[in-house]
Amino acid sequence: MTQHRHATITGTGSYLPDRVVTNFDLEEMVDTSDEWIRQRTGIVERRIADDDVATSDLCVHAARWAIKNANIDPLDIELILVATVTPDTFFPSTACYVQKGIGAKNAAAMDLSAACAGFLYGLDLADGMIKSGRYNTVLVVGGEVFNNIVDWSDRSTCVLFGDGAGAAVVQATDEPKGILASYIGSDGDYSDNDLLGIPAGGSRMPITKGVIDQKLDKLKMNGREVFKLGVRLMPEAAQRVLSEADVSVEEIDLLIPHQANLRIIEAVGDRLGVPREKVYINVDKYGNTSAATVIIALDEAIREGRAKPGDLLLFVTFGAGLTWGSTLLRL
Ligand code: UT7
């Protein structure tokens, strides 16, 4: 293994459906209020894909932007990783649809299931594959169409999620930049579907009429428990990469945490000691887009000039499984 070989993000892209659903729109559907949603979550609106739009459609748009911004040919891509829990179909993989959509004929393609931590799991794999010399160019995508798995009569969950996708071209470089440290973890003791997950639809509980009647094919969550776990696990994960790279929190230019709830984001920033102005927030506009949150946020931060070449960025996320991850990246 060549020690001077690094993996860096050379281009990003994101795509959000046009349709905006506001908290006021949700007031018409369930017993909730704009005030409750803003105060408890920080969410103001979210994007919802049209009925005929699948996850790969959003991913292809995002990937095209990432490819353009990285200034590469789609044929250069050797591996496509799509992080999602809302694949177009169980199989073929969503990544194969993306490969077709962007014309990346030379790429291997596969999906990655790590819920909201999925994009950072994908970055970690890309980092390892590139550092080992196996590949030079990997496309990592996070994309979700959550509106089909959300129970639109359950006010405790339906107000939280949105649809969207983001993509990053990850390439080898000899320059001392890119991914400085990466960490992913999991704890299957928390795999109970009622904590966070969808009970039915897989081999454990196939879809039947009874399953549909009981809405067991829809997302379930114990929000309060998940909240506590997120506030504990994300700072711990972030500390791991800071220690590994011997970087102090004061050196961080921008913290990009998973966008699930403004209160969680602020608690994570506070626990880490990152001042509010260095914490990226867009949960107000998009809600929780699961595997897509951190890469949509990075793409926006770059376009807004809040993440610039040379900046030190800290990503941290957690999700169902439980799964979690953190990445320290010199842009
Ligand atoms: O990507 C990772 C996945 N998800 C998360 O990270 C989400 C983590 N959890 C959360 O963000 C928060 O727990 C929620 C936003 C889901 C809930 O906030 P909370 O402050 O933990 O509220 P709660 O669940 O303790 O509920 C408080 C009250 C309850 O009423 P009672 O029992 O006090 O009368 C709920 O029934 O708020 C009620 N409630 C609502 N009221 C109006 C729950 N959802 C709503 C709603 N509108 N949408």
Is it the case that Asp88 and Ser56 place a side-chain donor and acceptor less than 3.5 Å from each other?
-> yes

Asp51, CG atom: more than 12 neighbouring heavy atoms under 6.0 Å = no

So, does Asp50 use its side chain to make a donor-acceptor pair with the main chain of Asp52 at under 3.5 Å?
-> no

Applying side-chain hydrogen bond (donor to acceptor under 3.5 Å, both in side chains) to Asp299 and not counting sequence neighbours gives Thr12, Ser14, Arg303

Considering only NZ, NE, NH1 and NH2 on the basic side and carboxylate oxygens on the acidic side, decide whether Lys228 and Glu225 come within less than 4.0 Å.
-> yes

Taking the side chain from Asp151 and the backbone from Lys220, do they hold a donor-acceptor pair closer than 3.5 Å?
-> no

Do Thr55 and Tyr97 get their side chains close enough for a donor-acceptor pair, meaning under 3.5 Å?
-> no

Answer with yes or no whether the side chains of Thr84 and Glu144 bring together a donor and an acceptor at under 3.5 Å.
-> yes

Counting only heavy atoms not in Glu35, do more than 12 fall under 6.0 Å of its CD?
-> no

When the ring planes of Phe318 and His258 are compared, do they come out parallel, tilted or perpendicular, using 30° and 60° as the limits?
-> perpendicular

Using side-chain hydrogen bond (donor to acceptor under 3.5 Å, both in side chains) as the criterion, list what pairs up with Lys285, not counting sequence neighbours.
-> Glu300

Is there a donor-acceptor pair under 3.5 Å between the side chain of Glu78 and the backbone N or O of Thr137?
-> yes

Arg240, CZ atom: more than 12 neighbouring heavy atoms under 6.0 Å = no

Ile130 and Val138, any side-chain heavy atoms less than 4.5 Å apart | yes

Can you find a pair of side-chain heavy atoms, one from Thr94 and one from Val141, that are under 4.5 Å apart?
-> no

With Arg46 as partner, the option from Thr289, Asp163, Asn23 fulfilling side chain to side chain donor-acceptor pair (under 3.5 Å) is Asn23

Side chain of Arg47, backbone of Pro17: donor and acceptor closer than 3.5 Å?
-> yes

Do Trp152 and Val30 touch side chain to side chain, with heavy atoms closer than 4.5 Å?
-> no

Any side-chain heavy-atom pair from Lys68 and Trp65 closer than 4.5 angstrom?
-> yes

According to a 4.5 Å side-chain heavy-atom criterion applied to Ile, Leu, Val, Met, Phe, Trp and Tyr, with indirect links allowed, do Val140 and Val60 form part of one hydrophobic cluster?
-> no

CG/Asp213: more than 12 non-hydrogen atoms of other groups inside 6.0 Å = yes

Does Gln259 reach the main-chain N or O of Thr293 with its side chain, forming a donor-acceptor pair under 3.5 Å?
-> no

